[in-house]
Asks: 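Here it is: the structure, laid out below.
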2 protein chains.
Amino acid sequence: MAHRPRQCSIADALSIVGERWSLLTLREVFLGVRRFDRIARNTGASRDILAARLSKLVESGLLEKKQYETHPPRYEYVPTETGQALHAVLLSLMDWGDRYITRTDPPTVWAHDCGATLRPVMVCEHCREPLRPAELTVVRVDQPNPE
Amino acid sequence: MAHRPRQCSIADALSIVGERWSLLTLREVFLGVRRFDRIARNTGASRDILAARLSKLVESGLLEKKQYETHPPRYEYVPTETGQALHAVLLSLMDWGDRYITRTDPPTVWAHDCGATLRPVMVCEHCREPLRPAELTVVRVDQPNPE
DNA sequence: AATGGTAAGTTGGAAAATCCAACTTACTGG
DNA sequence: CCAGTAAGTTGGATTTTCCAACTTACCATT
């Protein structure tokens with residue numbers, strides 16, 4: 001009866017960063033590449049789509065457009081706090097790719113300030129144990145189709 | 001000169017789960033919804049696209065098709081180990097959405113077996129400290145455009 | 001002074017992906 | 001016998017994406 005999709009923060013998040021090239025654009029920004037041409041070449045996105053994605057990321061508050069040159073006006077895209085918080089998402093995606101998809105050695109390696117090569121792990125904030133899918137239970141979820 | 005995009009596990013991961021509906025499909029599977037019609041309704045994906053996505057997820061080794069009825073043949077989609085490992089990605093995306101996008105109370109709440117309401121946190125495996133973007137440095141990365 | 005390169009887009013038209021409603025097959029329950 | 005459920009498939013319309021070329025304006029070189 002209720003043909004409404006499930007309400008959920010994953011869907012909300014994807015409505016902002018779920019389109020093609022958005023996450024790769026943010027990857028470049030996190031790697032320090034913050035100008036249009038370079039982002040276009042490093043991702044492979046076509047210029048028109050990249051322009052649209054960057055505008056959306058700015059409108060959505062993930063990036064800020066900083067002018068670094070007037071005449072002609074040129075901008076670079078720097079992450080806001082909201083944008084920076086997405087770094088964790090990209091790291092978990094990278095980790096999954098490293099482990100299960102990419103055959104070779106991890107192409108990208110980060111170091112943590114503690115001195116170690118970064119291995120990102122998701123833990124429960126309360127007990128600090130690494131999350132295992134089998135140890136999770138749904139407590140509350142929107143149920144679009146009751147019957 | 002080199003017009004090759006950057007080689008990276010995030011791109012590899014997105015080549016499998018980056019298309020529209022793939023991650024929402026996996027969300028449903030993790031919530032225990034494993035049959036075609038329900039997934040279609042709960043996500044809002046059109047049936048033809050959903051069929052294509054499910055096939056791809058099966059081919060890519062994230063889901064397995066289990067027959068639960070012959071005559072007519074009916075299947076359900078259950079996550080493999082590779083698929084289950086993506087739960088962490090969805091949780092980090094959910095957490096980001098909860099914090100920065102969704103205005104209301106978190107629509108979906110998970111509990112951890114330790115008894116606490118789940119708050120997923122990304123930590124450095126070595127020192128166990130929560131990751132802060134400012135404390136990360138790139139050690140190695142594919143550089144598509146040298147000059 | 002003219003030429004080529006860099007930079008950040010924008011434009012128009014072709015190609016690909018997605019959407020949508022209707023159809024199919026084969027059971028089950030009333 | 002009819003309606004409902006389930007897992008898709010099909011054809012055609014709509015929307016996105018792709019691609020190459022164009023624009024504006026500066027700087028470095030010849």
Asks: Could you check how far CG of A:N42 sits from P of C:dA8, rounded to whole Å?
Replies: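 Taking CG of A:N42 and P of C:dA8, I get 12 Å after rounding.
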Asks: If each of A:A52 and A:R74 is mapped to the nucleotide of DNA chain C with the nearest heavy atom, which maps nearer the 5' terminus, i.e. the 5' end?
Replies: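 The residue closer to the strand's 5' end, by nearest nucleotide, is A:R74.
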Asks: Search all heavy atoms of B:Y77 against all heavy atoms of B:L54 and return the closest pair with its distance.
Replies: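 So the minimum-distance heavy-atom pair works out to CE1-CD1, 3.7 Å.
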Asks: For a quick test of reading the model: is some side-chain N or O of B:Y77 closer than 4.0 Å to OP1 or OP2 of D:dG8?
Replies: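 For B:Y77, the contact criterion (side-chain N or O under 4.0 Å from OP1 or OP2 of D:dG8) is met.
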Asks: What integer distance in Å separates B:L50:CG from C:dC20:P?
Replies: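 Rounding to the nearest Å, CG of B:L50 and P of C:dC20 are 14 Å apart.
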Asks: Taking OP1 and OP2 of C:dG9, is either one under 4.0 Å from a side-chain nitrogen or oxygen of A:K65?
Replies: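 Indeed, a polar side-chain atom of A:K65 lies that close.
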Asks: Tell me the interatomic distance from A:W21, atom CH2, to C:dA16, atom C1', rounded to whole angstroms.
Replies: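 About 14 Å, once rounded to whole Å.
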Asks: Taking atom CZ of B:R27 and atom NE2 of B:H87, what is their separation to the nearest 0.5 Å?
Replies: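 B:R27 atom CZ to B:H87 atom NE2 measures 11.5 Å (nearest 0.5 Å).
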Asks: Between atom OH in A:Y75 and atom C1' in C:dG9, what is the gap in whole Å?
Replies: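 Those two atoms, OH and C1', are 11 Å apart.
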Asks: Which whole-number value in Å describes the distance from B:D37 CG to D:dG4 P?
Replies: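 Distance, rounded to whole Å: 15 Å.
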Asks: State whether B:R20 places a side-chain N or O below 4.0 Å from either non-bridging phosphate oxygen (OP1 or OP2) of D:dT16.
Replies: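 For D:dT16, neither OP1 nor OP2 has a side-chain N or O of B:R20 closer than 4.0 Å.
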Asks: Would you mind reading off the distance between A:I49 atom CD1 and D:dT16 atom C1', rounded to a whole angstrom?
Replies: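 Rounded to whole Å, this separation is 7 Å.
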Asks: Of the nucleotides D:dA6, C:dA22, C:dA8, which has the atom closest to the A:R47 side chain?
Replies: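 Of D:dA6, C:dA22, C:dA8, C:dA8 is nearest to the side chain of A:R47.
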Asks: Could you check how far CD1 of A:I39 sits from C1' of C:dT6, rounded to whole Å?
Replies: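 For the pair A:I39 CD1 and C:dT6 C1', the rounded distance is 16 Å.
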Asks: I'd like to know if B:E125 and A:R119 make a salt bridge, using a cut-off of under 4.0 Å between side-chain N and carboxylate O.
Replies: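 So B:E125 pairs with A:R119 through a salt bridge.
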Asks: What about B:R35, does its side chain sit under 3.5 Å from the base of D:dA7 through a donor-acceptor pair?
Replies: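 Answer is no: no donor-acceptor pair is held.
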Asks: Is it possible for you to check whether B:R74 lies under 6.0 Å from the centre of the six-membered ring of B:F36, through NZ or CZ, and within 45° of that ring's axis?
Replies: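 Not flagged: B:R74 not positioned over aromatic ring of B:F36.
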Asks: Minimum heavy-atom separation for B:P79 to B:F30, with atom names?
Replies: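 Heavy atoms of B:P79 and B:F30 come nearest at CB-CE2, 4.2 Å.
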Asks: Heavy-atom nearest nucleotide on DNA chain C for B:A45 versus A:F36: which residue maps closer to 5'?
Replies: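 Its nucleotide being nearer the 5' end, the pick is A:F36.
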Asks: Is B:R38 near enough to D:dA7 that one of its side-chain N or O atoms lies under 4.0 angstrom from OP1 or OP2?
Replies: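 For B:R38, the contact criterion (side-chain N or O under 4.0 Å from OP1 or OP2 of D:dA7) is not met.
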Asks: Which nucleotide, C:dG9, C:dT18, D:dA6, lies nearest any side-chain atom of B:Y68?
Replies: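 The answer is D:dA6.
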Asks: Mind calculating the distance between CD (A:E19) and C1' (C:dA17) to the nearest angstrom?
Replies: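 One finds 13 Å between C1' of C:dA17 and CD of A:E19, rounded.
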Asks: For B:D48 and for B:P72, find the nucleotide of DNA chain D with the closest heavy atom, then tell me which residue's nucleotide is more 5'.
Replies: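 Checking each residue's closest nucleotide, the 5'-ward one belongs to B:P72.
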